[in-house]
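Below is one structure, written out as structure tokens; comments come after it.
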Amino acid sequence: MPGPQNRRPSMVDVARLAGVAHVTVSRVLNDPESVRLDTRARVEAAIAEVGYRRNDMARALKRGRTNALGLVLAGSGLFELPRVLFGVEECAAESGFSLSMASWRPGGDDSLAALIDRLVGQGVAGIVVIADRGVALSALAALAPGVAVTVVMSGDVGNGNVASVEIDQVHGARAAARHLVGLGHRNIVHITGRLDTFDGRARLDGWRDQMIVSGIAAPEFVEGDFTARSGFEWAARLADRESAPTAIFAGNDQTALGVLAALAARGIDVPRAVSVVGFDDMPGTDFFVPALTTVHQDFVALGRRAVTGLLDLMDGGRARHLLLEPDLVVRASTSSPRRQAFASSVPLR
């Protein structure tokens, strides 16, 4: 009993085919034991024939709450995002929730609070916000949501209504600095990431603090932007200096890739002349030439902890700021300083 070709079959269609009332179809779907066996069989056959599927979202909205979690991407374009999303989706599915995704950009038509309000109006049970810049943090600072909210990758939100989870960037940068100083390096330069991001600023702070604690009173840094190009360009400039560094701490692995390329183009040996440390442990860093010493971040675990923290908040727990600890992975790109360095380097063309 076909209707319009693209119309979704309804309970009315099922009732008409089975020769029963609409309410009988509803009882078969929701309380089948209350319906006589022969009637139930007739309704179930009609359901199969017309291909009816109940609209669980509509039913949940009538109850005021769905089995969905909202996921807001608030200005994050970082390469780690797919792994964070995988962790969020995996943990949500294990807990019986689907995801309703939305994105927000500063300066758009909606405020972040308005976007969250819209998700709340759709009946989501809780919301995960992935935010890597201060503008999103400011938007959330005064938020008084009607639903539990957890923020990822953003530092401490400072709002008692909002939970947060991040990987401890300061700890990771300190570990990188300790490693290089422990090898005997003193002339170390940090090529930062974008300093308008939480990660870029926190890595700079952690590295600088550890260098000062290690007795290097004026640690040097130059500002990059998390790209391989910025690593390449800065490494080329540093190599031209009379007092060139014996070690470079790159703001992330992409930057480190550019550093390695610039040094290789000049015939500068890594690590005999210059040691290089990255940050993130992105896939493939163990196949860099040489294999890259870097700070490992478990982004899948980050996504999962965002959901478990959100579920705890939904169950009446308090909003907490959770830090996950990264690990330093030592590979072939670091060693003790040997000062043949740049004197024998080939001019970069």
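Atom set for the values below is all heavy atoms of this structure, side chains included, hydrogens, waters and symmetry mates excluded. Quick caveat: nothing in here was measured; it's all calculated off a predicted structure.
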Report yes if the side chains of [X] and [Y] come closer than 4.5 Å at any heavy-atom pair, otherwise no.
X	Y	answer
Val72	Ile130	no
Val276	Leu260	yes
Pro290	Ser333	yes
Ile127	Leu71	no
Val88	Arg304	no
Asp281	Val295	no
Leu73	Leu85	yes
Leu328	His296	no

Same cluster or not: Val170 versus Val165, using hydrophobic residues (I, L, V, M, F, W, Y) connected whenever any side-chain heavy atoms lie under 4.5 Å apart? no
I'd like to know if Leu313 and Val162 are part of one continuous hydrophobic network [Ile/Leu/Val/Met/Phe/Trp/Tyr, side-chain heavy atoms within less than 4.5 Å]. no
Does any N or O in the side chain of [X] come within less than 3.5 Å of the main-chain N or O of [Y], such that one atom is a donor and the other an acceptor?
X	Y	value
Ser336	Gly184	no
Ser95	Cys91	yes
Asp253	Met282	yes
Asn187	Ala244	yes
Arg83	Phe299	no
Gln169	Ile167	yes
Thr294	Phe279	yes
His185	Ser335	yes

For the pair Thr285 and Arg331, evaluate side-chain hydrogen bond (donor to acceptor under 3.5 Å, both in side chains) and give the outcome as yes or no after the intermediate values. CA-CA 9 Å; Thr285 48; Arg331 299 192 181 109; 3.2 Å; yes
Between Val222 and Thr192, does a side chain to side chain contact (heavy atoms under 4.5 Å, CB included) hold up when you go through it step by step? CA-CA 6 Å; Val222 295; Thr192 76; over 6 Å; no
Thr334 side chain to Thr293 side chain, donor-acceptor N/O pair below 3.5 angstrom: yes
To the nearest 0.5 angstrom, please state how far the [atom1] atom of [X] sits from the [atom2] atom of [Y].
X	Y	atom1	atom2	answer
Leu204	Ile191	CG	CD1	13.0 Å
Glu325	Leu323	CD	CG	9.5 Å
Ile212	Ile216	CD1	CD1	10.0 Å
Arg186	Ser214	CZ	OG	7.5 Å
Leu302	Leu324	CG	CG	6.0 Å

Short N-O contact, Asp280 and Arg203, less than 4.0 angstrom: yes
Test: Asp13 and Arg16 ion pair at under 4.0 Å: yes
Ile248 and Ile188: side chain to side chain contact (heavy atoms under 4.5 Å, CB included), yes or no, with the steps? CA-CA 6 Å; Ile248 294 174; Ile188 305 167; over 6 Å; no
According to the salt bridge (Lys or Arg N to Asp or Glu O under 4.0 Å) rule, which pairs have a member within residues 206-232, sequence neighbours left out? Arg174-Asp209, Asp205-Arg208, Glu220-Arg241, Arg229-Glu233
Between Phe97 and Val307, is the side chain to side chain contact (heavy atoms under 4.5 Å, CB included) condition met? List the steps. CA-CA 10 Å; Phe97 290 93; Val307 174; over 6 Å; no
Gln210, CD: over 12 other non-hydrogen atoms inside 6.0 angstrom: yes
With a sphere of 6.0 Å drawn around CZ of Arg305, does it hold more than 12 non-hydrogen atoms of other residues, nucleotides or ligands? no
List for me each residue that meets ring-ring contact (aromatic ring centres under 6.0 Å, His included) alongside His190, sequence neighbours excluded, and say none if there are none. Trp207, Phe249
Shortest non-hydrogen contact between [X] and [Y], atoms and distance:
X	Y	answer
Arg194	Asp196	NH2-OD2, 2.5 Å
Ala163	Ala319	N-CB, 3.7 Å
Val259	Gly231	CG2-O, 3.6 Å
Leu119	Gly70	CD1-CA, 4.3 Å

Applying side chain to side chain contact (heavy atoms under 4.5 Å, CB included) to Val20 and Thr39, what does each step give before you reach the verdict? CA-CA 8 Å; Val20 297; Thr39 303; 4.0 Å; yes
